[in-house]
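Every chain is numbered from 1 and lettered A, B, ... according to where its sequence line falls, protein lines coming before strand lines.
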Amino acid sequence: MGPGSALIAFVVGVVVLVAVAWPRRGVWPRLRRALRLSERVRLEDALKHLYLGEHEQAARSIESLAGVLEVSRSRVVALLGRLEEIGLARAGAAGIELTEDGRRYALRIIRTHRLWERYLADETSLAPAEWHDAAEVREHTLSESEVERLAARMGHPLYDPHGDPIPTAGGDLPPVRGVLLTALEPGQRGTVVHVEDEPPAVFAQLVAVGFTPLARVEVLERSESAVRVRVDGQEGTVAPVVAAQVTLDPLPEAAGDEDAGATMADLAPGESATVVRISSHCQGRQRRRLLDLGLVPGTRVRAELDSALHDPVGYRIRGALIALRRRQAELIHVRRAGGAT
Amino acid sequence: MTASGPACRACERRGPELVQLGGGAFDHLVALAGNPNTGKSTVFNALTGLRQHTGNWPGKTVTRAEGTFEREGARYRLVDLPGTYSLQAASADEEVARDFLLFGRPDVTVVVVDATHLERNLNLVLQILEITDRVVVCLNLMDEARRHGVLVDPARLSDQLGVPVVPAVARRGEGIRQLVDVVERVARGEVTPTPFRVRRHEPEVERAVASLERALRAAWPDLSNARWIALRLLDADERIEQSIREGELAALGAGEGASPIDPDAVEGVLEQAGRLRWTLTPDFHDRLMAGLYREAERIAGVALRARPGSGAAEFNRTLDRLLTSRWLGFPIMLAVLTVVFWLTIAGANVPSQRLADFLIEFAHPVLKHAAAAVGMPGWLDGLLLDGVYLATAWVVSVMLPPMAIFFPLFTLLEDFGYLPRVAFNLDALFRRTGAHGKQALTMCMGFGCNAAGVVATRVIDSPRERLIAIITNNFSLCNGRWPTQILMATIFLGALVPAHLAGLVSAGAVVGIALLGVAFMFATSWALSRTMLKGEASAFSLELPPYRPPRVLQTLYTSLIDRTLIVLWRAVVFAAPAGAVIWLIANVRVGDASLAAWAVHALDPVGLVLGLNGVVLLAYVVAIPANEIVIPTVLMLTVLLAGLPEVGAGAGVMFELETAGAVGGLLRAGGWTLLTGLNLMLFSLLHNPCSTTLYTIYRETRSAKWTAVAGTLPLALGVVVCFLVAQVWRLAVG
């Protein structure tokens, strides 16, 4: 085989490999996805949505189920029939109702889904937009013991990264509390409790502005067409219909200006500041490490050493010189020593 | 006090964590804890000398070191816990340390504290004091603290903490005797510490703790640490929950008279803990840490005396600014690395030659004579002396001198404190490929030996970044491959240019290959972090310790011993069998040709496609254990197959020729071309890691999957690159 033909054969081989193995769009991943969408998975998805409908006091019709599951109406009817057969749902006066067994099953799925999202958010570097989809797949494949082990390892988290409460193994689920962002007047503050993750386009907008559970929000302006807010020190604007997807725990008036607006990344070399708090965007292993190093509220820090490429920067924290990347330093809110923000 | 009586009773009380590494019975168990970088290992070495063993903690990839020391007839077993900032069991290290303190029940716990960073170290001390009473604080690095103008009053500190505090300068041996004294008194019960316990948390936390404490005491009346356990349960500590479920905790409290576990009581307590967790704010953990640090600050404030600005701090700052500056940082780094490499190559030349002369030129014939005199059968003599002995001797003579120079130099830089600054400077580059700045260091270590580079990745405590560093370490051109590269460059590339430029061109080519390896490292890191390692856990932190004057002689000595032992061990374990295989394939005949001939014949077509040949491929297969013996094997095979009995030393006997020119002549006679030489250089860079490295990777990752990836990824790249180069070459040159 001459070199020319060998090269051509190689290129053809690479093209075939790419076409088959390309993540998401390749032949192999598509095949795997199709096989995964077995009947059990669809049934579980249906159960989950029926439960969420009950919980949020929004009736779920056949049409809405068909939309959410992306199947035909007749398929939905068939699925519901199957659920009735197994004893997980029944046709009631107000539409489709879940039985006790159905509710318990649905809660388990939801628990797995939210726990997995929490794991992805805390322990991995996956982008927020991908959590939901990844969890949608995982919720059907983790066994009960695996779920329990995961929960234990993460310290039994109470909320998923959107702020939704994670059901306990015993099936407890406290109601979603708080008020909608649109209910707050300009000047009022709150802590984000929940961010609606569907539809994905809206969620992406909310993430871009900085809405995440535990973030501090101050309403600056409210009009018919827009709501202007300051989220964890950063200003942003969203449409009212988007703002309605955020639920807050209102803070009392005298909460004090804790945001200060500045982060460690803003400090010039030689400048000192006091830590106000670590942003809620920093969770899991990273947050624990920062706390271990002593970055608790009230700690004095000083930017001391700039590296050759300006990132990372060395900060003097409790006597030690610790290097932090810009991305991490931006997540630590501080009050500058001069008093100004 | 005999060694058997009290020890046996003590052993019964202890949990399964206490898997002895050997060393016999002991009277007292002492745990050694502390932050990383506090000189804990120096204290450990000072106390145990050479009487130590290392191994692994059961089921974990964390190293475990244990040693013994004696005092007044009593034997003390010292267990070195991993250095941790905290005991929240958030990482394998912390889990191991915490579990040992809780279930291993040491008689005394020594916490090594860095006097220069008192507040942060006190965080760990306070957490340890919550678990156990019998604590002794070893206030180390007092000399450094003094140099930086930090004056700690041990008496006041001891007052505040309620436990004995012993000041020390471990690396000079100061304070060690007093430490042993105090440890002995605490172990014997002559001194009972009354430790300070953090008691003032916020009201809602205190309420929850009190309620849970009541439930715990109701279920287990003899529980001694109910308050601490309650706090851990509220912080959702998995290990504590598990130990409650399995009754470990109950057994601890009650001792011999343990009441049976009541599963309902257990579930009741755990359920209550879960419900109470709902009532606490989500940032409970943050508040706990804040509370701890408040106390640490207060205590440090009492124990520290005024610190004036000091000369050492100024010196540190100036040096730092110099070494990390925009204009000077990188040139200085390059200069330092160049010096290290130059010293290694230049310095190793003569010793390598001498070793080879002794082991191979001198000792080998002597052994052969002896074997003949004893009447050893020819095949056994060949197998043992020509195969096993020669391979081992080769590896030792090639590997030992460079490693004995390279690693001590590196350890000196590390001791001095320069290496973290290198990571600091280069982190931005590594971050863009999804890796950690410290990978620069492990990459440099890899230039000495890839297995050492893999072990060095322990400094990267973020799992994902660590895996990336491990998998890509092979792209650092290790010491064992330099001879191959230099030889090929001299023969094939140097020959292309006039003689006065030949040396420069060859050197340039080798440097080029090394840089290509670095480029591959970055590219692979980037690809891995986007695909296979996308979802793995990740966190960044880098501490820049103050500069310390390195103990030159001591470092050189310990590093030398360390490295020598490792090289010798590796030579025996891995290279020796390879030597046997090499001899066998050349001498075992199947049909009318040796095994080697058959193999080469079969591999030739594959070799041709890749721009190499069957000899090279076979040499690489049998030399998986050690890159050093590739060239001698190649020569032996070439001679064997070309049927040149007057060259070399016989079938299956590896050899080398005096000059590169002679080697070149032989290879060309065997059909080698410029392409073969070039591709050999590329393949040498890009093939699978040697078996020592693979073994080390498995030991460090405990994962067959990642070891397989680390083994096959470079090989696949090597095959593809050689293939492409060969085809393009043939198209272009014909």
Side-chain angles (χ1 to χ4, degrees), chain A residues 1-4 6-7 10 23 120 122-126 134 149 151-159 168 170 172 174 213-214 277-278 280 284-294 296-299 304-312 314 317-325 327-328, chain B residues 85-86 88 90-91 116-120 123 150 235-238 241-242 271 274 277-278 282-283 285-286 289-290 293-294 317 320-321 324-326 329-330 424-425 427-429 431 437 462 464 531 534-546 609 723-724 726-731:
Chain A
M1 188 189 257
L7 270 175
F10 179 74
L120 291 174
D122 278 2
E123 302 288 340
T124 74
S125 42
L126 214 59
R149 248 182 296 140
R153 207 177 72 207
M154 288 198 296
H156 296 290
L158 303 177
Y159 297 97
T168 61
D172 290 316
L214 292 185
R277 70 178 203 289
I278 304 179
S280 44
R285 188 182 278 263
Q286 184 69 74
R287 191 188 189 91
R288 280 194 294 263
R289 171 47 57 87
L290 291 175
L291 288 171
D292 279 345
L293 291 173
V296 295
T299 310
E304 215 173 272
L305 196 62
D306 200 14
S307 82
L309 296 171
H310 299 304
D311 184 2
I317 303 171
R318 297 187 186 269
L321 191 56
I322 310 279
L324 293 177
R325 288 174 171 168
R327 212 169 38 195
Q328 301 165 294
Chain B
Y85 290 112
S86 212
Q88 316 285 343
S91 67
T116 337
H117 302 125
L118 194 59
E119 269 176 36
R120 198 188 61 214
N123 169 34
V150 174
D235 204 13
D237 192 314
E238 174 208 359
E241 268 186 35
Q242 184 194 2
E271 229 173 288
R277 249 181 269 133
W278 285 118
D283 54 354
H285 181 80
D286 279 28
M289 291 302 290
Y293 264 106
R294 257 198 306 274
R317 237 167 303 195
D320 261 336
R321 243 174 282 138
T324 61
S325 80
R326 194 110 206 253
F330 282 108
F424 184 64
N425 279 334
D427 183 65
L429 283 176
R431 190 198 53 215
S462 172
R464 186 180 88 160
T531 54
K534 190 171 186 181
E536 299 277 330
S538 149
F540 177 84
S541 84
L542 176 65
E543 184 170 352
L544 301 173
V609 167
F723 172 81
L724 288 174
Q727 308 318 316
V728 169
W729 180 279
R730 286 182 184 133
L731 272 180

In a check of side chain to side chain donor-acceptor pair (under 3.5 Å) between B:Asp286 and each of A:Arg287, A:Arg277, A:Arg288, which one passes?
A:Arg287
Let me confirm one number: the CD-CG distance from B:Gln88 to A:Asp292, rounded to the nearest 0.5 Å.
6.5 Å
What's the verdict on side chain to side chain contact (heavy atoms under 4.5 Å, CB included) for B:Arg120 and A:Ile322, showing C-alpha distance, side-chain angles and the deciding distance?
CA-CA 12 Å; B:Arg120 198 188 61 214; A:Ile322 310 279; 3.9 Å; yes
Measure the spacing between CD of B:Glu119 and OG1 of A:Thr299 and express it to the nearest 0.5 Å.
8.0 Å
Gap separating the NE2 atom of B:His285 from the CG atom of A:Leu291, nearest 0.5 angstrom
5.5 Å
Side chain / backbone / both / neither for B:Phe330 at chain A, heavy atoms under 4.5 Å
side chain
Of all the heavy-atom pairs spanning B:Gly437 and A:Arg325, show the shortest one and how long it is.
N-NH2, 4.2 Å
Could you pull out all residues at least two apart from A:Phe10 that satisfy ring-ring contact (aromatic ring centres under 6.0 Å, His included)?
B:Phe723
Using every non-hydrogen atom in the two residues, find where B:Leu544 and A:Leu305 come nearest and quote the distance to one decimal.
CD1-CD2, 4.1 Å
Residue pair A:Val296 / B:Tyr293: nearest heavy atoms and the distance that separates them:
CG2-CB, 3.9 Å
Please name the pair of heavy atoms, one in B:Ser325 and one in A:Ala308, separated by the smallest distance, quoted to 0.1 Å.
O-CB, 3.7 Å
When every non-hydrogen atom of A:Leu293 is compared with those of B:Ser541, the smallest separation belongs to CD1-CB, 4.4 Å
Please determine, among B:Asn123, B:Asp235, B:Asp320, B:Asp427, the option with the most heavy-atom pairs under 4.5 Å with chain A.
B:Asp427
For chain A, which candidate among B:Val728, B:Leu429, B:Val609, B:Asn425 shows the most heavy-atom pairs at distances under 4.5 Å?
B:Asn425
On a heavy-atom basis, the closest approach of B:Glu543 and A:Ala320 is OE2-CB, 3.8 Å
Roughly how far, to the nearest 0.5 Å, is the CG atom of A:Asp306 from the CZ atom of B:Phe424?
7.0 Å
